[in-house]
Amino acid sequence: QPYSTVSEASENKMDLIPSPYSLAQKFLEDETIIPIKVYLKQNGNYSIAAYDPIGDSKIYWAWKIAFPQKKIPVYIINE
């Protein structure tokens with residue numbers, strides 16, 4: 001993950017486009033719901049989809065910024 005705190009994600013020093021903060025604003029304004037894509041690993045844990053880890057990381061931090069108390073929706077990919 002490019003960031004480890006909400007503060008870091010809001011600052012967006014890695015210059016991710018769109019930024020986690022701007023995605024959070026879209027979630028709040030448009031009531032947009034974008035789930036994080038995860039897949040089930042053989043050990044029974046879930047992991048962010050390997051083909052777009054930065055994209056899903058932005059979505060994760062946008063959810064944490066917009067809805068700090070809500071659970072984050074996920075879409076489980078069966079591979």
Side-chain angles (χ1 to χ4, degrees):
Q1 293 202 14
Y3 302 119
S4 56
T5 66
V6 170
S7 177
E8 287 179 4
S10 294
E11 290 175 18
N12 194 32
K13 287 186 179 181
M14 291 186 69
D15 200 27
L16 301 177
I17 300 172
S19 71
Y21 182 82
S22 64
L23 264 179
Q25 295 308 308
K26 184 164 183 64
F27 290 173
L28 292 168
E29 292 169 5
D30 301 343
E31 297 181 15
T32 302
I33 296 179
I34 301 174
I36 295 173
K37 296 172 213 74
V38 298
Y39 65 95
L40 181 61
K41 295 169 44 174
Q42 288 183 344
N43 64 6
N45 293 328
Y46 291 95
S47 179
I48 290 177
Y51 59 86
D52 188 16
I54 297 298
D56 287 318
S57 181
K58 286 189 297 189
I59 295 168
Y60 170 85
W61 286 111
W63 272 97
K64 296 300 275 183
I65 293 167
F67 310 109
Q69 303 302 320
K70 286 189 175 182
K71 291 187 178 190
I72 300 169
V74 297
Y75 176 75
I76 300 171
I77 299 169
N78 294 324
E79 293 184 337

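All values below come from the heavy atoms of this structure, side chains included, with hydrogens, waters and symmetry mates left out.
A donor-acceptor pair is defined here as one N or O able to donate and one able to accept, closer than 3.5 Å; such a pair exists between the side chain of Trp63 and the backbone of Ile34.
What you find for Asn12 and Ser19 is that their closest heavy atoms are ND2-CB, 3.2 Å. For Leu16 against Ile54, the heavy-atom pair with the smallest separation is CD2-CG2, 3.7 Å. Nearest heavy-atom pair, Ala24 versus Ala62, reported as atom, atom and distance to 0.1 Å: CB-O, 3.4 Å. Considering every non-hydrogen atom in both Ile65 and Ser10, the closest pair reads CD1-OG, 3.5 Å.
Aromatic ring orientation, Phe67 versus Phe27: parallel (interplanar angle below 30°, classes split at 30° and 60°).
Residues Glu11 and Tyr3 have side chains not in contact (no heavy-atom distance under 4.5 Å, counting atoms from C-beta outward). Annotation: side chain of Ile76 is in contact with side chain of Tyr46 (closest heavy-atom distance under 4.5 Å).
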Apply side chain to side chain contact (heavy atoms under 4.5 Å, CB included) to the pair Lys58 and Ile17, showing each step before the final yes or no. CA-CA 9 Å; Lys58 286 189 297 189; Ile17 300 172; 5.5 Å; no
Passes side chain to side chain contact (heavy atoms under 4.5 Å, CB included), Tyr60 versus Ile72? Steps please. CA-CA 7 Å; Tyr60 170 85; Ile72 300 169; 3.4 Å; yes
Show the numbers, then the answer: is there a side chain to side chain contact (heavy atoms under 4.5 Å, CB included) between Trp61 and Val6? CA-CA 7 Å; Trp61 286 111; Val6 170; 3.8 Å; yes
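Annotation: the span from Gln69 atom CD to Lys64 atom NZ amounts to 8.0 Å, rounded to 0.5 Å. Taking CG of Leu40 as the start and CD1 of Ile77 as the end, the distance is 11.5 Å to the nearest 0.5 Å.
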